[in-house]
Amino acid sequence: MTQAPTHTREFAPGLTVQGFTPPLKLSDFKLIAFDMDSTLISIECVDEIADAVGKKAEVAAITEAAMRGEITDYKDSLRQRVALLRGVTVADMEQVYHERLRINPGAAELIKACKVAGLKVLLVSGGFTFFSERVRERLGIDFTRANVLEVESGPNCGQLTGRMVDQPWGDICDGAEKRRTVLEVASLLGIEPSQCIAMGDGANDLPMMGVAGLSVAYHAKPAVRAQAMVAINEGGLDRLLEVLR
């Protein structure tokens with residue numbers, strides 16, 4: 001269990017650390033877990049999908065409140081947002097992927113360095129498999145967990161129903177499921193939670209960050225920065241390598 005951080009200090013411009021003394025050895029870790037939206041990628045996919053049906057502002061307001069921790073029931077907040085996506089087409093989502101989704105700076109470099117050091121890579125997202133599986137392929141990620149959007153069959157074939165599909169592990173990947181997934185993959189790999197790094201930006205990332213040996217906030221909400229052992233407030237994801245050798 002990560003110790004409660006006690007004193008934050010600026011390690012380098014735009015990079016703060018607390019609760020440990022850098023550098024740590026990257027190869028001492030065996031798994032790195034990433035949130036996707038606004039961490040590995042530049043957008044919140046649900047907000048951009050909503051734009052296709054003219055509901056971006058409404059959906060984005062719920063997203064922002066959820067990420068700040070102002071909405072405590074993440075599952076309910078996601079169901080509310082997904083309900084507003086009814087009628088969005090698969091073609092609309094393709095357009096979001098090709099025109100709006102960008103891999104964040106330093107993501108590929110950090111993942112490459114982790115793989116060279118022997119770490120496995122997990123993407124665990126409160127977003128959607130439509131995007132996470134493509135990001136997995138682009139970045140060479142080993143494991144993913146995310147939510148499945150239900151698509152209409154029949155007359156409205158290719159349109160979202162406004163619901164999600166239950167999966168073998170449960171209904172929605174929220175903060176509790178992110179934590180459980182990190183622990184499950186660690187167990188699968190035969191490693192301890194202390195050998196895991198967890199990286200995210202929103203309140204629903206805090207549960208997995210809390211069980212990891214190293215917690216990292218990336219351009220994160222204030223509550224997440226306050227609790228993370230490393231906070232990258234400027235620059236790319238690969239700035240983590242400044243505290244890991």
Side-chain angles (χ1 to χ4, degrees), residues 31-53 55-56 59-60 62-63 66-67 74-104 107-108 111 120-153 156-185 188 198-202 204-205 207-208 237:
L31 176 70
I32 185 164
F34 292 98
D35 168 52
M36 181 174 71
D37 293 35
S38 298
T39 300
L40 274 182
I41 65 174
S42 60
I43 61 171
E44 291 286 336
C45 292
V46 68
D47 298 354
E48 301 306 321
I49 300 169
D51 205 19
V53 284
K55 294 181 178 174
K56 182 175 180 178
V59 169
I62 302 171
T63 300
M67 291 303 97
Y74 179 84
K75 288 187 178 186
D76 186 54
S77 83
L78 188 60
R79 287 191 190 100
Q80 286 178 43
R81 287 175 282 168
V82 170
L84 293 168
L85 304 182
R86 185 174 181 178
V88 169
T89 66
V90 171
D92 291 328
M93 294 199 293
E94 287 281 356
Q95 192 170 2
V96 169
Y97 176 75
H98 290 292
E99 295 181 7
R100 302 191 185 191
L101 186 150
R102 298 290 178 265
I103 303 294
N104 269 334
I111 287 172
K120 294 292 187 183
V121 183
L122 166 67
L123 184 165
V124 58
S125 174
F128 310 115
T129 54
F130 183 90
F131 301 100
S132 65
E133 290 307 308
R134 295 168 185 222
V135 171
R136 172 186 188 162
E137 192 173 322
R138 281 173 68 175
L139 292 173
I141 290 167
D142 300 294
F143 309 98
T144 59
R145 180 155 293 177
N147 301 303
V148 178
L149 291 166
E150 186 178 65
V151 179
E152 294 271 13
S153 53
N156 295 319
C157 182
Q159 291 186 7
L160 299 184
T161 66
R163 296 186 297 271
M164 287 167 284
V165 180
D166 286 357
Q167 298 181 74
W169 46 262
D171 55 353
I172 290 174
C173 187
D174 61 352
E177 182 59 30
K178 287 187 177 194
R179 177 184 183 277
R180 200 183 73 78
T181 302
V182 169
L183 295 174
E184 180 184 297
V185 174
L188 178 72
M199 196 165 189
D201 74 295
N204 68 328
D205 297 315
M208 72 171 179
L237 288 149

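Throughout, numbering of the chain's residues begins at 1 and tracks the sequence. Here the structure is a predicted model, which is why all the values come from computation and not from measurement.
- Checked by atom type and distance alone, the side chain of R100 never pairs as donor or acceptor with a backbone atom of Q95 at under 3.5 Å.
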side-chain contact (heavy atoms from CB on, under 4.5 Å) between T181 and F143, worked out: CA-CA 10 Å; T181 302; F143 309 98; over 6 Å; no

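- Rounding to the nearest 0.5 Å places CD1 of I103 at 8.0 Å from CD1 of I111.
- Using a 4.5 Å cut-off on side-chain heavy atoms (C-beta onward), F128 and L78 make contact.
- Here the straight-line distance linking atom CG of L31 with atom CG of L188 works out to 10.0 Å at 0.5 Å rounding.
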Identify each donor-acceptor pair in which a side-chain atom of residues 165-173 lies under 3.5 Å from a protein atom, sequence neighbours left out, and give them as a table.
from	atom 1	to	atom 2	distance (Å)
Q167	NE2	A146	O	2.8
D171	OD1	K75	NZ	2.8
D171	OD2	R79	NH2	3.0

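- Residues meeting the side-chain hydrogen bond (donor to acceptor under 3.5 Å, both in side chains) test with D174, sequence neighbours left out: none.
- A distance of 8.5 Å separates CD1 in I43 from OG in S38, rounded to the nearest 0.5 Å.
- Every pair passing side chain to side chain donor-acceptor pair (under 3.5 Å) that includes a residue from residues 120-133 is listed here, sequence neighbours excluded: E133-T144.
- When the salt bridge (charged side-chain N to carboxylate O under 4.0 Å, His left out) test is applied to D35, the partners found at least two apart in sequence or on another chain are K178.
- P207 and G175 get closest at one heavy-atom pair: CB-O, 3.4 Å.
- Here the straight-line distance linking atom CG of N156 with atom OG1 of T161 works out to 10.5 Å at 0.5 Å rounding.
- Summarising the geometry, atom CD1 belonging to I41 is positioned 11.0 Å from atom CZ belonging to R102; distances are rounded to the nearest 0.5 Å.
- Judged by distance alone, with hydrogens and angles left aside, the side-chain atoms of D51 form no donor-acceptor pair with the main-chain N or O of K56 at under 3.5 Å.
- A search for side-chain hydrogen bond (donor to acceptor under 3.5 Å, both in side chains) contacts involving E137 returns nothing, not counting sequence neighbours.
- Scored by the side-chain contact (heavy atoms from CB on, under 4.5 Å) test, V151 finds V90, L160 as partners (sequence neighbours excluded).
- Residues A33 and V182 share a closest heavy-atom pair of CB-CG2, 3.8 Å.
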Show the atom names and distances, to 0.1 Å, of all donor-acceptor pairs under 3.5 Å that link a side chain in residues 81-88 to residues at least two apart or in another chain.
from	atom 1	to	atom 2	distance (Å)
R81	NE	S77	O	3.1
R81	NH1	T63	OG1	2.9
R81	NH2	S77	OG	3.0

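- In this structure, the side-chain contact (heavy atoms from CB on, under 4.5 Å) partners of R134, at least two apart in sequence or on a different chain, are E94, Y97, H98, F130.
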side-chain contact (heavy atoms from CB on, under 4.5 Å) evaluation trace for L122 with F34: CA-CA 6 Å; L122 166 67; F34 292 98; over 6 Å; no

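- Residues forming a salt bridge (charged side-chain N to carboxylate O under 4.0 Å, His left out) with K55 (at least two apart in sequence, or on another chain): none.
- Separation of atoms CE (M36) and CG (L139) is listed at 11.0 Å; rounding is to 0.5 Å.
- You'll find the side chain of L40 reaches within 4.5 Å of the side chain of L237, heavy atoms only.
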Check against side-chain contact (heavy atoms from CB on, under 4.5 Å), V121 and R136: CA-CA 9 Å; V121 183; R136 172 186 188 162; over 6 Å; no

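- Remark: D76 pairs with no residue by the salt bridge (charged side-chain N to carboxylate O under 4.0 Å, His left out) rule, at least two apart or across chains.
- With a 4.5 Å cut-off on side-chain heavy atoms, Q159 and D92 do not count as touching.
- In terms of the salt bridge (charged side-chain N to carboxylate O under 4.0 Å, His left out) criterion, residue partners of R145 (sequence neighbours excluded) are, by chain and number, E177, E184.
- The side-chain hydrogen bond (donor to acceptor under 3.5 Å, both in side chains) test applied to N104 returns no partner, not counting sequence neighbours.
- A pairwise comparison of heavy atoms in G126 and N147 identifies O-ND2, 2.8 Å as the closest pair.
- At distances below 3.5 Å, at least one donor-acceptor pair connects side-chain atoms of D37 with backbone N or O atoms of C45.
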